[in-house]
Amino acid sequence: MRLDELGHVSRGRSRHRPRDAEHLYGGPHPFVQTGDIKSAQLYLNRFTQTYSDAGLAQSKKWPVNTLCITIAANIAETAILGIEACFPDSVIGFVADDEVSDVRFIKYKLDVVKQEFQKVSQGAAQANLSQQKLLSIPLSVPPVSVQKDIADRLSAYDDLIENNRRRMELLEASARHLYEEWFVRLRFPGHEHTPIKDGVPKGWVTRPLSDCSTFSSGGTPRKSNAEYWDGDIPWISSGEMTHWRLHDSERRVTSEGSENGTRLVPPGTILAVVRGMSLAKEFRIAMCSRSMTFNQDLKAITANEDVRPLFLYSALIAQREVIRDRSTEASHGTKKLDTAVLSSTPIPVPPMAIQDAYCEYVSPMHELWDRCWSQNTKLKAARDHLLPRLMSGEVPV
């Protein structure tokens with residue numbers, strides 16, 4: 001059956017880009033974009049942009065359980081709305097007809113045939129999957145009762161993945177709140193007996209970041225040299241700096257690649273985005289969970305011996321907005337953060353005993369985050385292994 005025989009299909013609506021009509025944005029109405037869909041799991045509940053009432057008036061709000069399908073930029077990525085939201089015409093919305101389709105099954109089915117949609121979207125200067133092309137590929141579907149059984153099995157994995165993701169978010173929030181309690185509100189252990197002068201507790205010193213750490217730059221090994229690529233060492237790009245901690249990357253380099261054109265840093269190193277379009281929205285930083293390399297858009301920050309890495313990382317997290325605001329315009333609408341500007345970031349450094357006490361609390365949070373990430377990696381692999389076999393009937397329901 002074609003997708004429009006399984007439910008209602010139509011494109012999203014958005015007449016303006018944010019830079020062209022700022023009054024349409026920043027209100028209470030979620031505005032989902034292709035990047036949000038790509039980063040979601042089964043359900044989409046997080047978004048990076050919102051509409052004002054004026055923005056909503058020139059768009060359309062889709063109901064919960066709408067399947068979002070990207071047709072530009074990220075082709076054939078899918079996610080089900082867990083919230084009411086608007087989206088642009090680079091996204092197609094599908095609302096299932098409950099008599100003939102289960103929206104979760106259709107999402108999983110589209111994941112299986114994603115490559116077919118990506119193939120038919122090629123041919124132009126920029127890949128594009130039109131609604132006509134989307135409807136040109138029929139989908140083999142069982143009765144709706146079987147669809148629900150298959151979706152139940154697969155969504156059990158996604159439910160566990162989502163639970164772990166929420167735990168990871170709570171761990172990040174807990175670490176941030178503890179830092180704010182101790183080092184912003186100054187309610188650290190023993191604060192009752194510590195004199196404070198000009199807002200600085202006795203024994204604390206405010207130092208520039210350059211006096212707390214050393215910086216190093218990354219790079220890109222020559223892509224024409226096959227000996228440098230497809231190895232075992234993660235090579236991080238700025239677009240992958242979306243998590244609290246870094247475990248892996250889309251591309252990897254060999255040991256030869258890590259020695260030619262980039263830099264290998266050990267676990268516990270802080271990576272920061274210092275160039276790119278993402279700086280316009282936020283200053284992205286993350287901590288390496290393993291040895292890895294990185295590209296030229298990032299800067300590695302290695303804590304000095306008298307500053308604990310987890311403390312320094314939390315101190316930078318607390319100042320992300322301030323650091324982002326100090327970035328400047330670069331070429332082609334991108335932003336850059338000069339080393340001199342980053343170096344001057346003030347860090348309130350407490351005595352080592354207080355740093356150690358803080359790290360005793362947050363270190364288990366980082367370790368549990370790593371375990372949740374590892375579990376999710378295994379759950380995704382198991383789900384993706386089972387998915388085509390359930391869809392083909394190789395594994396019966």
Side-chain angles (χ1 to χ4, degrees), residues 171-191 194-218 236 241 243-246 263-274 282-294 298-324 326-327 337-370:
L171 289 167
E172 293 180 41
S174 296
R176 287 196 302 269
H177 291 160
L178 183 64
Y179 179 89
E180 292 171 0
E181 185 72 8
W182 284 28
F183 304 113
V184 178
R185 301 185 186 96
L186 300 181
R187 296 172 183 169
F188 53 90
H191 71 277
T194 303
I196 296 179
K197 184 177 181 180
D198 298 328
V200 180
K202 183 178 180 180
W204 294 37
V205 180
T206 299
R207 295 156 53 180
L209 180 59
S210 59
D211 191 35
C212 301
S213 61
T214 57
F215 299 155
S216 55
S217 301
I236 303 294
M241 295 281 291
H243 295 294
W244 199 36
R245 296 173 63 81
L246 297 170
R263 184 182 297 272
L264 182 68
V265 293
T269 301
I270 301 166
L271 293 184
V273 176
V274 295
E282 61 180 338
F283 172 58
R284 295 182 180 180
I285 61 173
M287 179 166 278
C288 300
S289 294
R290 55 180 292 190
S291 295
M292 53 183 54
T293 60
F294 53 102
L298 309 180
K299 188 79 71 176
I301 303 172
T302 304
N304 293 346
E305 291 185 358
D306 61 342
V307 179
R308 295 289 185 247
L310 287 179
F311 165 78
L312 182 61
Y313 174 64
S314 297
L316 290 171
I317 286 282
Q319 299 192 62
R320 279 188 299 181
E321 291 187 8
V322 175
I323 296 172
R324 178 206 63 195
R326 299 177 71 190
S327 62
L337 188 62
D338 293 331
T339 301
V341 172
L342 186 60
S343 298
S344 64
T345 302
I347 305 295
V349 181
M352 189 61 74
I354 295 179
Q355 291 186 48
D356 287 340
Y358 174 74
C359 291
E360 284 185 17
Y361 279 100
V362 299
S363 181
M365 298 178 188
H366 282 255
E367 292 171 0
L368 181 54
W369 196 100
D370 287 347

Which atoms form the tightest heavy-atom contact between Y358 and L310, and what is the distance?
CE2-O, 4.2 Å
In terms of the angle between their ring planes, are F183 and W204 parallel, tilted or perpendicular, with boundaries placed at 30° and 60°?
tilted
I'd like to know if the side chain of T345 and the backbone of L342 have a donor-acceptor N/O pair within less than 3.5 Å.
yes
OG1/T269 to CZ/R290 distance, rounded to the nearest 0.5 angstrom?
13.5 Å
Exam field: side chain N304 to backbone D211, donor-acceptor pair closer than 3.5 Å
yes
Minimal heavy-atom distance between V274 and L298, with the atoms involved, is CG2-C, 4.1 Å
F311 ring center near W182 ring center (under 6.0 Å)
no
So does R263 have more than 12 non-hydrogen atoms from other groups sitting under 6.0 Å from CZ?
no
Counting N and O atoms only, with roles assigned by atom type, does the side chain of E180 sit under 3.5 Å from a partner on the main chain of R185, one being a donor and the other an acceptor?
no
Donor-acceptor pair, H191 side chain versus F188 backbone, under 3.5 Å?
yes
What one should report as the nearest heavy-atom pair of A286 and M241 is N-CE, 3.7 Å
Check: K299/S216 side-chain N/O donor and acceptor closer than 3.5 Å:
no
Taking E282 first and then R324, would you say they form a salt bridge - that is, a charged N and a carboxylate O separated by under 4.0 Å?
no
